[in-house]
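Inspection log for the structure reproduced underneath, given as structure tokens.
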Amino acid sequence: MAELVHQPTDAPAQIDEKKKQKLLELVRGRAVARPTDLADDEVMVWPSLVVIEAVSATIFLAIMVFLSVMVNAPLLEMADPNKTPNPAKAPWYFLNLQEMLLHMDPALAGIIVPSVALIMIAAIPYIDRSPLGVGILGTSTKGRKIIWFTTVFTIVVETGLILLDEASGRTGFWLKTLFNDWGLPEWSSGMVMPTIVIGIFIAALVVAVKKIFNPTTRELIIALYTGFFVSYWFLAIIGTSFRGPGQDLILPWNLPLVHH
Amino acid sequence: MRREQTLADRISGSALWRSVVRHGYPDTQRNQALIIASNVFLHIHPVKIKRYATKVTYTFCLGGLSFFMFLVLVMTGVLLMFYYVPSTDLAYQSMKDIEGSVTFGQLMRNMHRWAAQGMVIAVFLHMGRVFYTGSYKPPREFNWVIGVLLLVVTFLLSFTGYLLPWDQLAYWAVTVGANIGGATPIIGPQVSRVLLGDFQIGQNTLIRFYTLHVIFLPLVAAFLMAVHFWRIRKDGGISGPL
């Protein structure tokens, strides 16, 4: 702007031939778009969206009422601090944490792992910023294959780890006893070893996905998120349906009736 | 030729009607726009949206269902509050009363219970849908973070409500949960005290959980939901293929 203002007035204005434009025509029309102007890929919210909302709300309310008529919410005998039930279980959505509690230090299982997981999940959009794949379930064919691969990987690994730790009498694959014999502190087997084991398997997942699929950042994050998502449900199901008295592994149909 | 005025015409033409409803029958685009824009509840929506945003198999209505279940929980929760007494002596008996002698009490309690479980599932699956469709990507990063906070609030709402029936299931589930909280590194004992209001679960814990459950956390959730929904619009509606 400064150059324009200080341009000497006596010099004739130069016309840049490349930038010269000519007026083609004048069109009579509206100057502003109106709220009711619909593009080809647009629909009116009333009725197109509100109908879906009303129908799904109605169907869902009907299901909700039907379920509530058929199945009563549980109410056991009055709370008694002197009568510990066996097993005592958290609400099902925390049973994944309770499951981890069996295998490692409570601070690690109950606080550190979930906090780190939530913070990392919240950070995802600040790590993966490429707009590729928005609006497509699983991003790509490769992305969807990675979801399946990670699901199987997670279930196999976690089943293996749980069975192995059960076989060792929940002593962290016999390491707890070994570390005690060596005179190492409690946290070495409760905190350090499980962290290393978790780290190793997350690293193994990353390496496997990288080797097999040659993924983009987004596809690698799909693998990690799927690992979290599947672990959440898988461990919750183990905790809910496969843990009996003494938190021993048990088949769902052998559970005490209260926890069905 | 003028059509004869029906009763419906007279009602919808009356000063009273027109003072409440400021638009005509929504069979024209203008009225369809007005019905959304002039209604405080509907105007959370824009007047028009992209066609892909109405595809049910894209969202599976999961976000909407989470919100809908929140509304069911508020409704049934308020009704339950008329009868429930948050005292260690009376809580269990008031549960029995709700189930045994209050008209539709058992139904309200069941709906509250199942909607609470359903909301945890719906919120979690909603997060999955948003992740797998890449809908957290710019410009929606911050709304994703709000969503993670809403997941945490949903867990807390469900967990604080779990204690209120004051039966064995409630008491020992919250004992397990509180023990997890008490295992927090460094500040474990303090976290446990703040959570329980005592050294063990008792009257202080019950009133604490009750207050959090019926007023504090619902307000936090409502506040975050307001931001969440507002941001959807500000970030250009729900995500779709580019």
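Scope of the values below: all heavy atoms of this structure, side chains included, with no hydrogens, waters or symmetry mates. Chain letters run A, B, ... following the sequence lines, proteins first and then strands; every chain starts at 1.
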Pick from [options]: which one has the most heavy-atom pairs with chain B under 4.5 Å?
{"options": "Gly143(A), Gly138(A), Gly135(A)", "result": "Gly135(A)"}
{"options": "Gly110(A), Ser48(A), Ala107(A)", "result": "Ala107(A)"}
{"options": "Ala39(A), Ser130(A), Ala79(A)", "result": "Ala79(A)"}
{"options": "Leu108(A), Asp128(A), Val65(A), Leu49(A)", "result": "Asp128(A)"}
{"options": "Arg144(A), Met78(A), Gln98(A), Glu42(A)", "result": "Met78(A)"}
{"options": "Trp233(A), Phe229(A), Tyr225(A), Trp92(A)", "result": "Tyr225(A)"}

Does [X] reach the side chain of [Y], with side-chain heavy atoms less than 4.5 Å apart?
{"X": "Ile111(A)", "Y": "Pro185(B)", "value": "yes"}
{"X": "Trp46(A)", "Y": "His45(B)", "value": "no"}
{"X": "Ile222(A)", "Y": "Phe131(B)", "value": "yes"}
{"X": "Lys137(B)", "Y": "Pro131(A)", "value": "no"}
{"X": "Ile121(B)", "Y": "Tyr93(A)", "value": "no"}

As a quick check of understanding, evaluate side chain to side chain contact (heavy atoms under 4.5 Å, CB included) for Ile180(B) and Phe94(A), giving each step before the final call.
CA-CA 10 Å; Ile180(B) 294 179; Phe94(A) 287 153; 5.5 Å; no
With a 4.5 angstrom heavy-atom cut-off, is it the side chain or the backbone of [X] that approaches chain A, or both, or neither?
{"X": "Tyr132(B)", "result": "both"}
{"X": "Ile238(B)", "result": "neither"}
{"X": "Leu42(B)", "result": "side chain"}
{"X": "Thr28(B)", "result": "neither"}
{"X": "Ala115(B)", "result": "both"}
{"X": "Glu99(B)", "result": "side chain"}
{"X": "Ile35(B)", "result": "side chain"}
{"X": "Tyr136(B)", "result": "both"}
{"X": "Val152(B)", "result": "side chain"}
{"X": "Ile49(B)", "result": "both"}

Does the [X] side chain pair with the main chain of [Y], one donor and one acceptor, at a distance under 3.5 Å?
{"X": "Asp41(A)", "Y": "Arg51(B)", "answer": "no"}
{"X": "Trp172(B)", "Y": "Pro87(A)", "answer": "no"}
{"X": "Gln32(B)", "Y": "Pro47(A)", "answer": "no"}

Could you tell me which portion of [X] (side chain, backbone, both or neither) has an atom closer than 4.5 angstrom to a non-hydrogen atom of chain B?
{"X": "Asp40(A)", "result": "backbone"}
{"X": "Val51(A)", "result": "neither"}
{"X": "Glu53(A)", "result": "side chain"}
{"X": "Leu67(A)", "result": "both"}
{"X": "Arg218(A)", "result": "side chain"}
{"X": "Phe228(A)", "result": "side chain"}
{"X": "Thr84(A)", "result": "both"}
{"X": "Leu61(A)", "result": "both"}
{"X": "Leu118(A)", "result": "both"}
{"X": "Leu132(A)", "result": "backbone"}

Which heavy atom of [X] sits nearest to which heavy atom of [Y], and what is that distance?
{"X": "Val134(A)", "Y": "Ser239(B)", "value": "CG1-CB, 3.9 Å"}
{"X": "Pro165(B)", "Y": "Leu75(A)", "value": "CB-CD1, 3.9 Å"}
{"X": "Pro74(A)", "Y": "Leu169(B)", "value": "CG-CD2, 3.9 Å"}
{"X": "Asn110(B)", "Y": "Ala73(A)", "value": "OD1-N, 2.9 Å"}

Which of these, Met111(B), Arg113(B), His112(B), Arg109(B), sits in a side-chain contact (heavy atoms from CB on, under 4.5 Å) with Ser68(A)?
Met111(B)
[atom1]-[atom2] distance between [X] and [Y], expressed to the nearest 0.5 angstrom:
{"X": "Ile124(A)", "Y": "Glu141(B)", "atom1": "CD1", "atom2": "CD", "answer": "12.5 Å"}
{"X": "Met69(B)", "Y": "Met64(A)", "atom1": "CE", "atom2": "CE", "answer": "6.5 Å"}
{"X": "Asn72(A)", "Y": "Gln106(B)", "atom1": "CG", "atom2": "CD", "answer": "3.5 Å"}
{"X": "Thr175(B)", "Y": "Lys89(A)", "atom1": "OG1", "atom2": "NZ", "answer": "15.5 Å"}

Heaviest contributor of heavy-atom pairs below 4.5 Å to chain A, chosen from Phe142(B), Trp144(B), Phe159(B), is Trp144(B)
In sequence, state the C-alpha distance, the side-chain angles, and the governing distance for Gln168(B) and Asp80(A), and then conclude on side chain to side chain contact (heavy atoms under 4.5 Å, CB included).
CA-CA 6 Å; Gln168(B) 280 289 76; Asp80(A) 184 354; 3.9 Å; yes
CA sep, side-chain torsions, deciding dist, call: Val47(B), Val45(A), side chain to side chain contact (heavy atoms under 4.5 Å, CB included):
CA-CA 6 Å; Val47(B) 162; Val45(A) 165; 5.9 Å; no
Between Tyr126(A) and Val145(B), does a side chain to side chain contact (heavy atoms under 4.5 Å, CB included) hold up when you go through it step by step?
CA-CA 10 Å; Tyr126(A) 300 95; Val145(B) 177; 3.8 Å; yes
